[in-house]
Amino acid sequence: MVIAVLGPPEVEALVDEALQAGAPVAVVCASEGEVVEPPPGGVWINDAWAGEGGRGVLGAGVLAAAQRSGVDVDAGLRGARGSVAAAQRPLADNPPWSLARALRLASAELGRDSVAHVSGPELRAFADWAARAQAGAMQAPSATVAARPLPSRAELGDLDWSAALASARDVVVILWQVGGAESPAAEALGGEGTPVLRVQLSALDAENLGAAFAFWISVLDALSALEQRGA
């Protein structure tokens with residue numbers, strides 16, 4: 001697949017060559033407000049973050065592959081834009097800032113530098129990505145604090161992991177959930193005083209997952225700013 005980011009004049013020629021060769025093409029905008037018709041058999045990704053190229057899971061290649069695999073990318077991007085808008089609110093009403101601040105306070109005031117991402121099987125892949133993204137961000141150089149321990153990943157209901165996390169004195173848990181239903185396994189995580197920060201998706205669909213991806217990127221951006229970490 002050819003990923004064509006609109007902007008440079010030579011892009012159209014490359015798209016034409018790819019179409020003549022029979023290659024699938026994904027066309028991506030580099031700024032808000034552009035709307036184009038994708039080439040025959042191609043894909044149009046209407047999102048400037050994709051065109052930016054530096055957002056990993058929200059990048060052009062991933063989004064194009066997802067759309068060709070049947071994922072509702074438009075809904076995912078709609079959710080992501082909602083999270084981005086929330087991240088621009090004043091700090092008193094800013095969900096990513098609130099979670100970043102909670103993680104910073106847990107580290108500075110409680111000595112809990114280790115973060116464990118916990119989820120059920122339905123969010124396993126997302127929690128894995130969240131932990132990896134955090135690992136990269138928190139190892140970046142900082143003028144104020146040392147690199148954080150690498151985050152861990154645990155499955156909700158794994159008794160061995162739950163017991164270890166509940167008794168740990170240097171861990172804060174981020175619990176990724178779908179819906180607000182309580183479970184004994186979730187309650188047990190905080191049984192020994194381990195802080196548990198819950199992030200709840202209202203449904204397991206493309207829009208909510210897109211919102212969650214953008215939300216966590218915004219949390220890491222805010223946390224990096226709080227700790228003066230390089231990009």
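This structure is a prediction, so every number in the text was calculated from the model and none was measured.
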So, does [X] use its side chain to make a donor-acceptor pair with the main chain of [Y] at under 3.5 Å?
X      : Y      : result
Arg78  : Glu207 : no
Thr194 : Leu165 : yes
Arg112 : Ala106 : no
Gln139 : Arg148 : yes

Taking only residues two or more places apart in sequence, or in another chain, which ones meet [X] in a salt bridge (Lys or Arg N to Asp or Glu O under 4.0 Å)?
X      : answer
Asp205 : none
Glu155 : Arg124, Arg153
Asp93  : Arg89

Closest approach of [X] and [Y], non-hydrogen atoms and distance?
X      : Y      : value
Ser167 : Ala163 : OG-O, 3.0 Å
Glu227 : Val145 : OE1-CG2, 3.5 Å
Leu223 : Ala100 : CD1-O, 3.5 Å

CZ-OG distance between Phe215 and Ser83, expressed to the nearest 0.5 angstrom: 7.5 Å
Positive for side chain to side chain contact (heavy atoms under 4.5 Å, CB included) with Leu123, one of Asp128, Leu204, Val118: Leu204
